[in-house]
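Below is one structure, written out as structure tokens, with a few remarks after it.
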Amino acid sequence: MTNAQDILRPLDQELVWQRELYKQLHRHPELSSQEEGTASQIEQKLTEFGYAVQRIGGTGVVGVLSNGAGSTVLARADVDALPVTENTGLEYASTVAGVMHACGHDMHISSLLGAAKLMADGRAAWSGTYIALFQPAEETAAGSQAMVDDGLVTKVPRPDVAFAQHVMPSEAGRIGTTAGPVLSAGDSLKITVYGRGAHGSMPHLAIDPVVLAALIVLRLQTIVSRETQPGQFAVLTVGASNAGTKSNIIPDRAELLLNLRTYDTDLRTRMVASIERIVRGECAAAGSPQDPDFEFYDQFPLTTNDAATNERVTAAFTEHFGADAVFHATPITASEDFSRIPDAFGVPYTYWTVGSVPSEKYRRAVADGTVSRDIPANHSPFFAPAIDPTLGVATAAYVVAALAYLNSPGQ
């Protein structure tokens with residue numbers, strides 16, 4: 001890993017501007033597909049570093065650094081914020097009402113830009129092509145597809161491998177890797193069922209969609225408890241049930257909002273079929289006057305790491321950071337849309353996690369059994385990654401992973 005050590009030698013110096021950039025991004029978050037200011041800053045930095053830069057997919061930005069013969073690697077960071085009101089008390093807290101970088105995407109931007117600068121300045125130590133891709137709208141599962149739809153695969157060189165990472169509420173300084181499923185597929189579904197409205201005092205004249213929706217909610221619970229093999233991961237959540245406007249009016253329709261999480265595409269297909277079967281069956285039993293409507297949205301693909309790629313990158317991390325700093329990560333039930341990018345190119349990828357909680361604080365919470373209470377998770381209004389050492393480790397991880405594939409000069 002001599003090349004990595006050479007390229008990362010100026011890291012402490014680069015972290016000075018990276019820290020300030022991180023704070024600036026955190027103060028000025030932008031929602032999904034609205035990241036114009038963020039994208040402009042990224043463009044400016046990449047251009048300054050010597051990359052060939054272009055906008056792809058609206059607020060997506062890609063920088064390409066060609067440096068002779070060799071492999072091509074793609075590193076991705078997501079850039080959008082969330083509609084969350086920040087409550088961290090940080091001196092660099094969000095100044096945008098109701099919007100916050102509550103998932104660490106500002107850390108992803110800052111670390112990938114730092115890696116891009118180090119790779120550009122360290123060109124004498126490697127050969128090949130480095131692609132730094134900054135993706136919008138991850139939180140709505142729209143950004144990666146927008147970039148693909150805008151011709152990503154024809155506008156940049158085809159990578160041999162792709163990487164992504166995510167800060168998590170785990171111990172800072174440690175990196176989690178795993179082969180196979182690492183993030184679940186996620187599907188949101190709006191179901192509308194129909195009844196017949198009437199006065200609340202005359203239920204015999206109605207077909208009550210509130211009762212119908214309640215029965216559906218109860219029956220849906222059996223998909224995981226009775227139709228899914230024990231030990232196989234599946235989550236089905238009814239996050240909202242909406243019907244009616246007044247206590248003495250029986251409405252003519254009800255709406256359910258569902259969320260599914262799976263690690264297996266066949267299981268996902270079976271769950272969707274079961275949902276439709278149960279909903280249609282309950283509607284028929286209730287005498288519903290109209291077929292139910294099913295509308296899928298915010299659909300996230302399964303993120304499943306290529307075993308060989310994960311093994312190679314994990315070995316590089318272990319060599320550089322040390323065995324104690326790299327651990328086997330448990331698959332996460334959250335979802336991502338990164339995989340659409342390498343899938344569009346038809347190339348392998350791996351996705352790892354970077355801890356962001358000071359070691360002493362995290363270990364104390366583990367010892368006390370209070371992690372869920374004392375360590376704010378992603379999307380929490382209290383989520384606040386420790387800038388150090390998180391930013392340095394995340395920056396170095398991008399570089400080390402890339403150099404596991406890029407040629408040394410003369411190879």
Side-chain angles (χ1 to χ4, degrees), residues 17-49 51-64 74-86 90 92-117 131-152 155-156 162-167 297-300 334-341 344 378-379 381 383-385 391 394-395 398:
W17 66 263
Q18 287 180 261
R19 292 185 188 102
E20 291 308 308
L21 174 65
Y22 170 75
K23 292 177 181 179
Q24 194 277 334
L25 291 168
H26 195 86
R27 288 189 185 102
H28 303 283
E30 296 177 301
L31 292 173
S32 303
S33 302
Q34 300 175 28
E35 312 95 336
E36 289 291 344
T38 303
S40 294
Q41 290 187 78
I42 294 168
E43 285 178 311
Q44 181 180 346
K45 285 290 187 183
L46 290 175
T47 301
E48 176 186 321
F49 301 158
Y51 284 71
V53 182
Q54 56 184 314
R55 286 277 191 108
I56 302 177
T59 46
V61 181
V62 183
V64 177
L74 183 153
R76 171 268 202 178
D78 39 11
V79 306
D80 53 332
L82 285 159
V84 173
T85 298
E86 182 160 358
L90 293 168
Y92 52 89
S94 172
T95 60
V96 182
V99 183
M100 175 193 176
H101 267 298
C103 203
H105 296 184
D106 44 356
M107 185 68 71
H108 302 168
I109 299 166
S110 304
S111 58
L112 182 52
L113 282 173
K117 173 71 158 52
I131 302 172
L133 184 149
F134 296 82
Q135 180 212 305
E138 181 276 328
E139 297 293 354
T140 58
S144 60
Q145 192 61 52
M147 296 187 80
V148 171
D149 291 345
D150 195 25
L152 174 67
K155 293 180 177 180
V156 302
F163 308 125
Q165 63 181 4
H166 208 296
V167 292
Y297 63 99
D298 287 357
Q299 291 186 277
F300 292 84
S335 302
E336 254 269 22
D337 69 339
F338 157 69
S339 63
R340 289 194 180 113
I341 290 171
N378 304 67
H379 291 215
F383 185 68
L391 184 55
T395 301
Y398 274 130

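As the structure is a prediction and not an experimental result, all values here were calculated from the model.
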Review point. Looking only at atom types and distance, does a side-chain atom of Lys155 sit under 3.5 Å from a main-chain N or O of Asp150, one as donor and one as acceptor?
Key: yes
Review point. Would you say the side chains of Glu138 and Ser32 form a donor-acceptor pair under 3.5 Å?
Key: no
Review point. Judged by atom type as modelled, is there a donor-acceptor pair below 3.5 Å linking the side chain of Asp298 to the main-chain atoms of Ala142?
Key: no
**Study point:** Whether Ser111 side chain and His108 backbone form a donor-acceptor pair below 3.5 Å
**Key:** yes
Point to revise | Donor-acceptor under 3.5 Å (Tyr398 side chain, Phe163 main chain) | key: no
Check your understanding: If you measure from the Lys or Arg side-chain nitrogens to the Asp or Glu carboxylate oxygens, is any gap between Glu336 and Arg76 under 4.0 Å?
Key -> yes
Practice item. Output the distance between atom CD (Glu86) and atom OG1 (Thr95), rounded to the nearest 0.5 Å. Key: 9.5 Å
Practice item. Give the C-alpha distance, both sets of side-chain angles, the deciding distance and a yes or no for side-chain hydrogen bond (donor to acceptor under 3.5 Å, both in side chains) between Thr59 and Glu35. Key: CA-CA 6 Å; Thr59 46; Glu35 312 95 336; 2.5 Å; yes
Check your understanding: With distance as the sole test, does His105 use its side chain to make a donor-acceptor pair with the main-chain N or O of Pro29 at under 3.5 Å?
Key -> no
Review point. Does the pair Lys23/Asp106 count as a salt bridge with the N-to-O cut at 4.0 Å?
Key: no
Point to revise | Any donor-acceptor N/O pair, Glu30 side chain to Gly37 backbone, under 3.5 Å | key: yes
**Study point:** Asp337 side chain to Ser144 backbone, donor-acceptor under 3.5 Å
**Key:** yes
Revision key, fill the gap. Between Gln41 and the options Glu36, Gln24, His28, the side-chain hydrogen bond (donor to acceptor under 3.5 Å, both in side chains) test singles out Gln24
